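What follows is a single structure, written as structure tokens, with notes after it.
Everything quoted here is computed from the prediction, not taken from an experiment.
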Amino acid sequence: MNEKLAALIPEIALLAAAVIGLLAGSWLPRRRQWIVAVLAVAACTAGLVATSTTMATGREQAVFSNAFAVDAATNAGRLTVLGALLLVITMSVETVRGHKRETEYWVLLLLTGAGTLALLGANDLLMLFAAYLLASIPAYALAAFTKDNSGTEAALKYYLMGALLGTAMLAGVALFYGAGHATLYRTLRTNLPEAPYGLVAVALVAVLAGLLFKAGAVPAHYWVPDVTDGAPAPIAAYVTTLPKIGALIAGYRLLHQALPDSDVNWPLLLAVLAAVTMTLGNLAAFFQTSVKRLLAYSTISQVGYLLMALAVATRTDLAQKSLLFYLAAYAATNLGAFAVVTALPAARTLEDYRGLARRRPGLAAVLVVCLLGLVGTPPTGVFLGKLEIFSATIDGGYTWLAALAVANTLASLFYYLRWLAPLFTTTECAPLATNAAMGRCTTATAYTAGILALGLGIAGGAVLPFGNGDLLP
């Protein structure tokens, strides 16, 4: 059994920082709790350095009886998750500074980040479920961090749906074990074609239920708008970004590695889920006036586009790199939009952003880049990601799904423009738009995310090859 802990440095770094931070925070005075945030940044940086080194040396391996795979998908996902986690940390500094539970905030963020990293390389059903729990439970507490009515309600809905679909996922793991007599993906790949069709189908639907919950896809999307609206903006940025990365890469690995030869027509199932998710997300966002709820429904629609890559996971070689690139571009773009929302905490509706371009041109520019980026406007990273994922979908034989995605992309322009138009109004500015931004860290995060969103589109040709590479069995 390969037990090389060096292969898990990014995951270990986050967990170690969480434990050390929790112990240190018990002794540090409240004015020094920021030290735990510095520790969190150091852990993410260490993970990024370790991942970059692994990618440079090409040391792909499966560790702990092949339960965890360190390959191209894992490493690309690690870079995206750790980079996004750094943005969330810097975005959160002014929000939690001096809070009586500041240490707990950073520790919970590190723990759920470690769970997301564990999802990326999960190569065994038991590992997958353990990662699901680690990624989910701290996030429930984060959603209720402020302990107000809206946050408590959001956390309760988040927890109840997570518990329900987590139980369904565990039942699916048990059914897969009964059908394939194993939990390791490569063994299931050999045994499942001989298993009863109905048993495999039910098991797959149950396991996908948990992953769809983490991703915020239909029909497990009901928690997304309430949690996004009820939680503080940095936490809303986290739950609409990082869990999706872990869930979608984990789902891709499961389908590609364990079920490529199954008689269950899961590509059609994923194609239908993708179509419904992108359409429902866009339609629900059309007449939203709350900026956070608009971004919540926007993120549901984005998951629909991302699910297209899972639908063609075994049908085209373009699926993997398109999924990984789109996830990176989406993470930067979505976090950039949320950073602007965080920087203007009193601006809760679209009308509150009236005249922002005149008073806060930098933040307005970031918002323009990120919202048009979410549409898929060149030269942003999401544009290139959509182009790649649409091409993969057509190459995989689902032209109708790509056509529907193009129609949804055009339709989404309507509600993004409803937010952008007030920014450039020449009438009197809304009072909230004239308020000073929250702080330098949040504003710097917005600028950084906006630059990344543009940079991934401009330098996409150099970044896309990092998504190539076979998954380890």
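Taken from CG in Leu307 to OG1 in Thr277, the straight-line distance is 5.5 Å, to the nearest 0.5 Å. Put simply, OH on Tyr353 and CZ on Arg348 are 10.0 Å apart, with the number rounded to the nearest 0.5 Å. Atom CG in Leu254 sits 6.0 Å away from atom CZ in Phe176 (nearest 0.5 Å). The distance from atom CZ of Arg78 to atom SG of Cys44, rounded to the nearest 0.5 Å, is 13.0 Å. Remark: Glu388 CD to Phe325 CZ distance equals 8.0 Å, nearest 0.5 Å. Summarising the geometry, atom CG belonging to Leu323 is positioned 16.0 Å from atom OH belonging to Tyr305; distances are rounded to the nearest 0.5 Å.
Residues Arg186 and Thr190 have side chains not in contact (no heavy-atom distance under 4.5 Å, counting atoms from C-beta outward). Residues Lys244 and Tyr330 have side chains in contact (heavy-atom distance under 4.5 Å, counting atoms from C-beta outward). At a threshold of 4.5 Å between non-hydrogen side-chain atoms, the residues Leu14 and Leu117 count as touching. Two residues are said to be in side-chain contact when any heavy atoms from C-beta on lie closer than 4.5 Å; Phe64 and Leu8 meet this criterion. No side-chain heavy atom of Arg354 sits under 4.5 Å from any side-chain heavy atom of Leu423. Taking the side chain as every heavy atom from C-beta outward, Thr349 and Ser290 never approach each other to under 4.5 Å. You'll find the side chain of Tyr132 reaches within 4.5 Å of the side chain of Lys214, heavy atoms only. The shortest distance between side-chain heavy atoms of Leu344 and Asp352 does not fall below 4.5 Å.
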Would you sort out whether Leu188 and Leu125 count as a side-chain contact (heavy atoms from CB on, under 4.5 Å), showing the intermediate values? CA-CA 10 Å; Leu188 290 173; Leu125 290 172; 3.6 Å; yes

Does the pair Arg418 and Phe286 meet the rule for a side-chain contact (heavy atoms from CB on, under 4.5 Å), with working shown? CA-CA 9 Å; Arg418 287 185 64 238; Phe286 267 20; over 6 Å; no

Between Phe213 and Tyr222, is the side-chain contact (heavy atoms from CB on, under 4.5 Å) condition met? List the steps. CA-CA 9 Å; Phe213 160 75; Tyr222 294 102; over 6 Å; no

For a side-chain contact (heavy atoms from CB on, under 4.5 Å) check, start with the C-alpha distance between Trp223 and Leu165, then their side-chain angles and the critical distance, and finish with the verdict. CA-CA 12 Å; Trp223 62 272; Leu165 296 178; over 6 Å; no

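Exactly one residue among Lys292, Lys157, Arg293 makes a salt bridge (Lys or Arg N to Asp or Glu O under 4.0 Å) with Asp229. That residue is Arg293.
Between Thr240 and Thr228, the side chains place no donor N or O within less than 3.5 Å of an acceptor N or O (distance only, hydrogens not considered). For Tyr238 and Thr112, the side-chain atoms include at least one donor-acceptor pair closer than 3.5 Å. Residues Asn282 and Tyr415 bring a donor and an acceptor atom of their side chains to less than 3.5 Å of each other. Between the side chains of Tyr197 and Ser262, not a single donor N or O lies within less than 3.5 Å of an accepting N or O. Remark: the Asn334 side chain and the Thr299 side chain contain no N/O donor-acceptor pair separated by less than 3.5 Å. For the 3.5 Å distance criterion, the side chains of Thr183 and Asp124 qualify, holding a donor opposite an acceptor. Checked by atom type, the side-chain pair Asn75/Thr54 shows no donor-acceptor distance below 3.5 Å.
With hydrogens and angles ignored, the 3.5 Å screen pairs a side-chain donor or acceptor of Tyr398 with a backbone N or O of Leu268. Between the side chain of Trp266 and the main chain of Leu259, a donor-acceptor pair closer than 3.5 Å is present. Within the 3.5 Å criterion, the main-chain N or O of Leu404 finds a donor-acceptor partner in the side chain of Asn408. Between the side chain of Thr333 and the main chain of Ala329, a donor-acceptor pair closer than 3.5 Å is present. With hydrogens and angles ignored, the 3.5 Å screen pairs no side-chain donor or acceptor of Thr425 with any backbone N or O of Pro422. Side chain of Thr51 to backbone of Leu48: no donor-acceptor contact under 3.5 angstrom is found. In this structure, the side chain of Asn123 does not engage the main chain of Ala67 through any donor-acceptor pair within 3.5 Å. A distance-only check finds a donor-acceptor pair linking the side chain of Arg315 to the backbone of Gly396 [under 3.5 Å]. A donor-acceptor distance shorter than 3.5 angstrom exists from the side chain of Thr380 to the backbone of Thr377, with no hydrogens or angles considered.
Considering every non-hydrogen atom in both Pro225 and Ile300, the closest pair reads CD-CD1, 4.4 Å. In terms of heavy atoms, Val200 sits closest to Ala179 at CG2-CB, 4.1 Å. Minimum interatomic distance between Leu108 and Pro138 (heavy atoms only, all atoms of both residues): O-CB, 3.6 Å. The two residues Arg253 and Asp71 come nearest to each other via the heavy atoms NH1-OD2, 2.8 Å. The two atoms that bring Ile9 and Ala50 nearest to each other are CG2-CB, 3.6 Å, heavy atoms only. When all heavy atoms of Ala206 and Ala168 are compared, the closest pair comes out as CB-O, 3.2 Å.
Ring pair Tyr140/Tyr158 is perpendicular by interplanar angle, where above 60° counts as perpendicular and below 30° as parallel.
Around atom OH of Tyr177, no more than 12 heavy atoms belonging to other residues, nucleotides or ligands sit under 6.0 Å away. Open room surrounds CG on Asp317; 12 or fewer heavy atoms of other groups in view lie less than 6.0 Å from it. Applying the 6.0 Å contact sphere to CZ of Phe390 captures more than 12 heavy atoms from other residues, nucleotides or ligands.
Outside the 6.0 Å centre-distance limit, the rings of Phe383 and Tyr326 are not counted as a close aromatic pair.
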